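These notes are about the structure you will find just below.
Quick caveat: nothing in here was measured; it's all calculated off a predicted structure.
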Amino acid sequence: MHIAHRQRWDVTPKEAVQIQQRLRGKIMMGLSAPLPRHPLIAGADISYDKGSNKLFAAVVVLRLPSLEAIDTVTFVDRARFPYVPGLLSFREAPVLLECFKKLRRAPDVVMIDGHGLAHPRRFGIACHIGWLLDVPTIGCAKSILVGDYRRLGLRRGAHAPLIHKREVVGCAVRTRTGVQPVYVSIGHKIDLPTAVRLALRCAPRFRIPEPTRQAHLLVTQLRLANG
DNA sequence: GCGACAG
DNA sequence: ATCTTGTCGC
Ligand SMILES: [Mg+2]
């Protein structure tokens with residue numbers, strides 16, 4: 001797929017924060033267009049080898065509702081930015097975008113391992129990648145960066161708003177009964193209820209929705225095969 | 001100043 | 001993110 005090449009990545013952490021503050025207003029909440037009946041959903045994740053300082057990235061494309069694999073791409077590159085909470089996209093997005101470039105066809109939705117609006121400046125990695133791709137994107141994180149939530153039902157499908165500074169920034173979503181929730185937030189061009197429904201549709205069996213779960217399994221294999 | 005802190 | 005043994009529950 002074609003990627004708008006409108007972001008410099010060789011920046012300092014201070015510049016990165018300024019970029020986030022400038023781009024936060026560009027995020028589109030709400031679906032840009034209705035999703036197809038059987039949407040293609042891409043999952044993206046990274047693995048890291050500290051010995052070689054390399055990032056192993058993968059994007060897998062699945063089709064709903066069957067979750068059958070449609071396409072898979074990978075890319076390996078040197079890490080050029082440290083992990084700083086709140087600045088994850090400056091570390092992980094460049095190599096993930098290389099993966100998206102290799103995709104033959106643009107997915108209808110993208111799911112990123114990390115937050116979107118549930119971020120101190122409302123511009124997590126799912127917002128950043130969604131904006132650069134100009135595709136509906138959701139963040140699906142395994143732990144909280146900012147905010148908190150109250151009473152969450154124990155059953156699969158239960159969800160509760162994630163609140164930060166009196167704003168709803170996402171949703172805690174129970175994808176498996178009695179198991180720790182995942183945290184879903186808007187990345188770009190999508191609304192929160194749709195994002196939550198998609199995450200649940202993508203997680204019929206495991207806590208982690210299949211798109212990011214498959215991407216995670218793949219990058220782990222890739223790292224162990226290379227290093 | 002202190003604690004929190006996606007991956 | 002990675003490292004790392006055993007342990008618990010379906
Ligand atoms: Mg990850």
Side-chain angles (χ1 to χ4, degrees), chain A residues 9 13 16-17 19-20 24 27 43-59 74-99 110-131 137-149 154-156 162-165 167 169-188 195 199 203-209 211-227:
Chain A
W9 296 112
V17 169
I19 289 165
Q20 292 178 330
R24 61 181 296 177
I27 292 311
D45 195 22
I46 295 283
S47 181
Y48 175 63
D49 179 63
K50 52 191 177 191
S52 59
N53 191 39
K54 290 218 162 156
L55 295 173
F56 299 79
V59 170
T74 62
F75 199 91
V76 183
D77 198 6
R78 179 172 63 84
R80 303 161 183 283
F81 195 92
Y83 170 68
V84 180
L87 302 179
L88 181 64
S89 67
F90 291 86
R91 179 174 176 82
E92 294 196 349
V95 59
L96 287 177
L97 290 169
E98 292 298 328
C99 287
V110 173
M111 178 181 287
I112 300 291
D113 180 33
H115 294 285
L117 293 183
H119 177 276
R121 290 168 293 280
R122 309 287 181 263
F123 199 77
I125 186 171
C127 298
H128 209 154
I129 288 179
W131 179 69
T137 301
I138 82 181
C140 183
K142 302 177 291 299
S143 65
I144 292 174
L145 176 59
V146 295
D148 44 61
Y149 63 93
L154 289 179
R155 309 278 285 177
R156 186 191 118 88
L162 181 64
I163 312 282
H164 181 237
K165 295 186 174 180
E167 291 178 358
V169 295
C171 214
V173 181
R174 195 88 72 181
T175 52
R176 287 197 72 173
T177 296
V179 170
Q180 186 75 21
V182 295
Y183 305 93
V184 174
S185 58
I186 291 171
H188 189 47
R205 180 160 178 213
F206 299 106
R207 179 196 175 218
I208 307 300
T212 44
R213 193 177 90 88
Q214 293 300 328
H216 186 266
L217 292 171
L218 185 56
V219 292
T220 302
Q221 286 306 110
L222 189 63
R223 175 176 56 82
L224 296 178
N226 298 277

Paired runs of 3 or more consecutive Watson-Crick or G-U pairs involving DNA chain C, with both pairing distances under 3.5 Å, are none

Check the distance between [N]'s [atom2] and [X]'s [atom1] and give it to me in whole angstrom.
{"X": "A/Ile208", "N": "C/dA1", "atom1": "CD1", "atom2": "P", "result": "9 Å"}
{"X": "A/Phe90", "N": "B/dA6", "atom1": "CZ", "atom2": "P", "result": "17 Å"}
{"X": "A/Asp77", "N": "C/dA1", "atom1": "CG", "atom2": "C1'", "result": "16 Å"}
{"X": "A/Leu145", "N": "B/dA4", "atom1": "CG", "atom2": "C1'", "result": "9 Å"}
{"X": "A/Lys54", "N": "C/dA1", "atom1": "NZ", "atom2": "P", "result": "20 Å"}
{"X": "A/Ile46", "N": "C/dA1", "atom1": "CD1", "atom2": "P", "result": "11 Å"}
{"X": "A/Tyr83", "N": "B/dA6", "atom1": "OH", "atom2": "P", "result": "4 Å"}
{"X": "A/Asp113", "N": "C/dA1", "atom1": "CG", "atom2": "P", "result": "6 Å"}

[X] vs [N]: side-chain N/O to OP1/OP2 distance below 4.0 Å:
{"X": "A/Ser47", "N": "C/dT2", "answer": "yes"}
{"X": "A/His115", "N": "B/dG7", "answer": "no"}
{"X": "A/Lys50", "N": "C/dC3", "answer": "no"}

Strictly distance-based, threshold 3.5 Å: is any side-chain N or O of A/Arg207 a donor or acceptor partner for the main-chain N or O of A/Gln180? yes

Just to be sure I understand the rule, does [X] reach a base, reach only the sugar-phosphate, or reach nothing, if contact means heavy atoms closer than 4.0 Å?
{"X": "A/Ile112", "result": "nothing"}
{"X": "A/Asp45", "result": "sugar-phosphate"}
{"X": "A/Gly139", "result": "nothing"}
{"X": "A/Ile125", "result": "base"}

Looking at [atom1] of [X] and [atom2] of [Y], how far apart are the two atoms once the value is rounded to the nearest 0.5 Å?
{"X": "A/Lys54", "Y": "A/Asn226", "atom1": "NZ", "atom2": "CG", "result": "8.5 Å"}
{"X": "A/Leu96", "Y": "A/Phe75", "atom1": "CG", "atom2": "CZ", "result": "11.0 Å"}
{"X": "A/Arg155", "Y": "A/Arg176", "atom1": "CZ", "atom2": "CZ", "result": "13.0 Å"}
{"X": "A/Tyr149", "Y": "A/Tyr183", "atom1": "OH", "atom2": "OH", "result": "3.5 Å"}

For A/Ser89 and A/His128, which heavy atoms make the closest approach, and how far apart are they? OG-ND1, 2.9 Å

If you take all heavy atoms of A/Cys127 and A/Arg122, which pair is closest and at what distance? SG-O, 4.0 Å

Report the nucleotide, chosen from C/dT2, C/dA1, B/dA6, that has the shortest atom-to-atom distance to any side-chain atom of A/His119. B/dA6

